[in-house]
Amino acid sequence: MTAGGPPHAEVALVDLLDRLLAGGVVITGDLSLCIADVELVRISLRALLTSVEGATEGILT
Amino acid sequence: MLSEPEAPRPAGLTEAVYAYAVLLENEAAERAARELSGVDGLPVRILRGAGTVAVVSDVPADAFTEEAVAQRLDDITDLERLARDHHQVIAALASHTAVLPLRLATVYLDDDSLLRRLQADDSHFRTTLNQLEGHDEWGVKIYAHPSITHATTATSPGDRPRSGRDYLRARRTSRDGHDVARQAAADLGARVDRTLAETNLATDIQHHRPQSAALSANPGENIVNAAYLVPRKHTRSFQDRVETLAAGTAGVRLEITGPWAPYSFASPPQEQAERAEPAIPQTTP
């Protein structure tokens, strides 16, 4: 997600989050999994978009 | 979320158990796991169930409450660190044996609590792990990239429309180009699905939501964001087939990612079917 793009050996964060937030086994946990699936996705996408918008502003202005 | 009251915890003891993955007993994978560090750099250990094992880290409980995790996910730096730490453990295990990756930030109060949940789903976990053995997940992303078909009509930055009508015409041409490319990308996606299913080059298919243009940081609009479960012996044929299909389609761009641990194929079938597509904030260009 850095300006020059992620190094090739490292998987792209967006691809990783597609899997980690919408995939994987859900077995009810005691603590964090109180957060519903959708919330997990929504919260992190907000963080992603904010950071991208911030970066774009920096480049364009 | 507790179905039964937990035994009272001794005062001052504030550790919880963060779980990464479930696998069948496997000496090589378990040996590798003991060398790994997981979330927040914490050591990884094996928790042995009856036939399956869970790979876990002991974490400070207060760092993984619902509120604390929500905060982490809301900060891009923390989110990325957590995701990469989690993924690193799963990827290392997956290079040895079939793994069932757990959803990010799955945390239990203690070993017993996790073992009870493992026990409850034991036969399902074993069945799924046996099905996943010898398979990898591969990602296929298809982008609409109209400039490939409409290079001749594209205006250069210095080329200003001479009248309002010219401007509208240029706008329409560009929009039509986008529509054509979007359709071509969607058609290609359907063709890829069909071909892989017919040839058994993939044994399962999942579609993720398309990635917003801002996030993918790649040219074109992401139309198809699919994951395929591919038998390892078919890896080369799978890639060749997908690339060949894409090469014959104008106006699209293809990206293949992988191999991944089977994140997209770890849930029970009924749960995958029931899971609603989450609404994505799409950024419009």
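Below, chain A is the first sequence line, B the second, and so on; all start at residue 1. Because only heavy atoms are used, hydrogens play no part in the values below, and waters and symmetry mates are left out as well, while side chains stay in.
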Practice problem: Output the distance between atom CG (A:D18) and atom CG (B:N225), rounded to the nearest 0.5 Å. | Solution: 4.5 Å
Quiz prompt | Set of salt bridge (charged side-chain N to carboxylate O under 4.0 Å, His left out) partners for B:D193, sequence neighbours left out | solution = none
Practice problem: Output the distance between atom CG (A:L20) and atom CG (B:L82), rounded to the nearest 0.5 Å. | Solution: 8.5 Å
Self-check item: Heavy-atom side-chain proximity of B:E80 to A:L16 below 4.5 angstrom
Solution: no
Quiz item: Which bit of B:D78 comes within less than 4.5 Å of chain A, counting heavy atoms only: side chain, backbone, both or neither?
Solution: neither
Exercise. Identify, with sequence neighbours excluded, every residue that meets side-chain hydrogen bond (donor to acceptor under 3.5 Å, both in side chains) alongside B:E133.
Key: none
Quiz item: Under the side-chain contact (heavy atoms from CB on, under 4.5 Å) criterion, do A:R19 and B:T257 qualify, and how do the steps go?
Solution: CA-CA 12 Å; A:R19 289 164 174 80; B:T257 64; 4.3 Å; yes
Quiz item: Who among B:T128, B:T77, B:L79 has the most heavy-atom pairs with chain A under 4.5 Å?
Solution: B:L79
Quiz item: So which residues of residues 86-93 of chain B are in contact with chain A at a heavy-atom cut-off of under 4.5 Å?
Solution: B:H86, B:H87
Quiz item: Hey, does B:R84 have a side-chain heavy atom less than 4.5 Å from the side chain of A:L13?
Solution: yes
Quiz item: Which atoms of B:Y18 come close to chain A, meaning under 4.5 Å heavy atom to heavy atom: side chain ones, backbone ones, both, or neither?
Solution: neither
Quiz item: Partners of B:E255 by side-chain hydrogen bond (donor to acceptor under 3.5 Å, both in side chains), sequence neighbours excluded?
Solution: B:K141, B:Y143, B:N218
Quiz item: Which atoms of B:D74 come close to chain A, meaning under 4.5 Å heavy atom to heavy atom: side chain ones, backbone ones, both, or neither?
Solution: both
Exercise. Walk me through it: do A:V25 and B:V22 pass the test side-chain contact (heavy atoms from CB on, under 4.5 Å)?
Key: CA-CA 9 Å; A:V25 184; B:V22 176; over 6 Å; no
